[in-house]
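Okay, so here's the structure we're looking at.
Numbers here simply count residues along the sequence, with the first being 1.
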Amino acid sequence: MKRPRVENRATCGICRAAPFDGLIRIRRKYFGRLIIFDPPSDAAYSPPRKFARQGRSAPAQTAQTKLRLPTADDGPSVTRLIASCPPLDVNSAYCNLLQCTHFAQSCIIAERAGTITGWVSSYRPPSEPDSFFVWQVAVAPEARGQRLAARMIEALLARPAAEGVTALITTVTNDNRASWSLFEGLASRWGASLSKSPLFHQDTHFAGAHATEWLARIGPLPRTAPQPIDQGELAT
């Protein structure tokens with residue numbers, strides 16, 4: 001089939017221009033699997049059929065992503081990543097250092113080619129030890145669209161530190177559609193229900209300076225937790 005000719009009237013990455021409609025369709029037709037393919041495990045990665053048939057190598061961007069425990073040296077990079085992912089609240093550098101050390105077993109780093117591209121901070125609330133609270137999820141723009149956030153959370157739930165957890169909880173503002181889509185997708189994937197209720201009110205708890213935080217609860221979780229994506233991920 002002869003590919004339609006497309007005039008280059010806009011810079012790459014700007015998808016609002018009409019001339020790019022045809023190009024986007026062609027990219028989806030010819031390269032769709034490259035864009036949307038996201039294997040459940042880096043350790044057990046195999047290329048999609050299209051690449052296997054043609055003898056091409058698998059997309060390096062997904063294959064090279066490593067999930068691991070954070071260390072104190074990651075603190076500054078985590079702080080910068082969070083700052084680049086609005087509407088996430090920017091915590092103090094000291095807070096991120098504590099998360100990378102005292103709470104390392106319940107936090108996770110995604111790294112590719114030596115650069116941190118993903119971060120999830122979480123912990124088990126002392127008053128509710130059978131729940132796993134996800135505090136913040138940050139994914140760098142260049143690593144989005146690969147299920148990286150979901151993969152990091154599933155890897156956390158597969159760690160020994162999450163043994164006995166029966167529910168995943170988090171707080172999200174009403175307007176944060178990216179986060180709601182993430183947790184709704186996880187609930188659907190796990191076959192669990194998702195409930196929503198106001199927890200911290202805008203006027204009562206934030207003095208009007210912050211939108212109401214809604215408590216999202218997913219549970220009960222599957223009895224068998226997802227397997228770690230990379231066995232080396234659990235090493236210190």
Side-chain angles (χ1 to χ4, degrees), residues 31 33-48 51-52 56-85 88 91 93 95-124 132-163 165 168 170 178-179 182-183 185-186 189-190 221-222 224-236:
F31 302 98
R33 292 194 181 187
L34 174 61
I35 294 171
I36 68 172
F37 180 72
D38 192 6
S41 168
D42 284 349
Y45 174 76
S46 60
F51 292 98
R56 301 179 185 177
S57 58
Q61 179 169 296
T62 299
Q64 294 177 353
T65 298
K66 179 179 178 62
L67 305 185
R68 62 172 176 82
L69 290 166
T71 68
D73 292 344
D74 295 318
S77 295
V78 168
T79 300
R80 287 193 295 270
L81 176 61
I82 293 172
S84 71
C85 296
L88 291 182
N91 302 308
C95 172
N96 295 140
L97 283 172
L98 292 180
Q99 291 172 325
C100 289
T101 51
H102 292 182
F103 295 91
Q105 291 293 335
S106 58
C107 296
I108 192 167
I109 291 282
E111 185 178 53
R112 187 172 67 240
T115 299
I116 292 178
T117 57
W119 160 259
V120 176
S121 56
S122 53
Y123 60 89
R124 296 177 73 164
F132 198 79
F133 179 77
V134 175
W135 185 345
Q136 285 186 317
V137 179
V139 176
E142 66 271 18
R144 294 171 188 169
Q146 304 171 31
R147 276 198 77 248
L148 182 57
R151 291 163 58 199
M152 288 191 289
I153 291 175
E154 289 183 338
L156 281 171
L157 291 175
R159 286 181 178 174
E163 185 176 356
V165 165
L168 181 79
T170 188
S179 290
L182 167 64
F183 293 109
L186 287 173
R189 174 177 168 84
W190 299 337
L221 299 182
T224 303
Q227 294 302 307
I229 290 178
D230 180 0
Q231 295 296 330
E233 172 225 356
L234 300 181
T236 58

task: Would you give the length of the straight line joining atom CG of Leu88 to atom CG of Leu81, rounded to the nearest 0.5 angstrom?
output: 8.5 Å
query: Are any side-chain N or O atoms of Thr117 and backbone N or O atoms of Ala140, one a donor and one an acceptor, separated by less than 3.5 Å?
result: no
task: State, with a plain yes or no, whether a side-chain heavy atom of Leu156 is found less than 4.5 Å away from one of Met152.
output: no
- line: Residues passing the side-chain contact (heavy atoms from CB on, under 4.5 Å) test with Ala161, sequence neighbours excluded, are Gln105
field: Value rounded to 0.5 Å, distance of CD1 in Ile108 from CD1 in Ile153
entry: 9.5 Å
- prompt: Do you know the tightest heavy-atom contact between Arg151 and Leu67?
  reply: O-CD1, 4.0 Å
- prompt: Taking side chain as C-beta onward, heavy atoms only, is Ile109 less than 4.5 Å from Thr71?
  reply: no
query: Which pair of non-hydrogen atoms, one from Pro76 and one from Ala72, has the smallest distance, and what is that distance?
result: CD-O, 4.2 Å
task: Could you tell me the separation between the CG atom of Asp74 and the OG1 atom of Thr101, rounded to the nearest 0.5 Å?
output: 11.0 Å
task: Measure across Ala143 and Leu148 and return the closest heavy-atom pair with its distance rounded to 0.1 Å.
output: CB-CD2, 4.0 Å
- request: Could you tell me whether Arg112 and Glu142 have a side-chain N and a carboxylate O separated by less than 4.0 Å?
  value: no
query: When you check the side-chain N and O atoms of Gln99 and Asn91, is any donor under 3.5 Å from an acceptor?
result: no
- prompt: Looking at CG of Leu69 and SG of Cys107, how far apart are the two atoms once the value is rounded to the nearest 0.5 Å?
  reply: 9.5 Å
statement: Of all heavy-atom pairs linking Gly75 and Leu97, the shortest is CA-CD2, 3.9 Å
query: Can you name the side-chain hydrogen bond (donor to acceptor under 3.5 Å, both in side chains) partners of Ser77, sequence neighbours left out?
result: Arg80
- line: In short, ring pair (Phe, Tyr, Trp, His ring centres under 6.0 Å) pairs touching residues 100-123 with sequence neighbours left out are Tyr123-Phe133
Shortest non-hydrogen separation from Pro70 to Ala104 and the atoms involved: CD-O, 3.5 Å
- prompt: What residues form a side-chain contact (heavy atoms from CB on, under 4.5 Å) with Thr170, not counting sequence neighbours?
  reply: Val134, Val172, Phe183, Ala216
- request: Not counting sequence neighbours, which residues clear side-chain contact (heavy atoms from CB on, under 4.5 Å) with Ala150? List them please.
  value: Arg147, Leu182, Leu186
- prompt: Side chain of Asn96, backbone of Ala93: donor and acceptor closer than 3.5 Å?
  reply: no
- line: For residues 95-111, the salt bridge (Lys or Arg N to Asp or Glu O under 4.0 Å) pairs (sequence neighbours left out) are Arg68-Glu111
- prompt: Going by heavy atoms in the side chains, are Ser106 and Phe132 under 4.5 Å from each other?
  reply: yes
field: Non-hydrogen atoms of Cys100 and Val78 that approach each other most closely
entry: SG-CG2, 4.1 Å
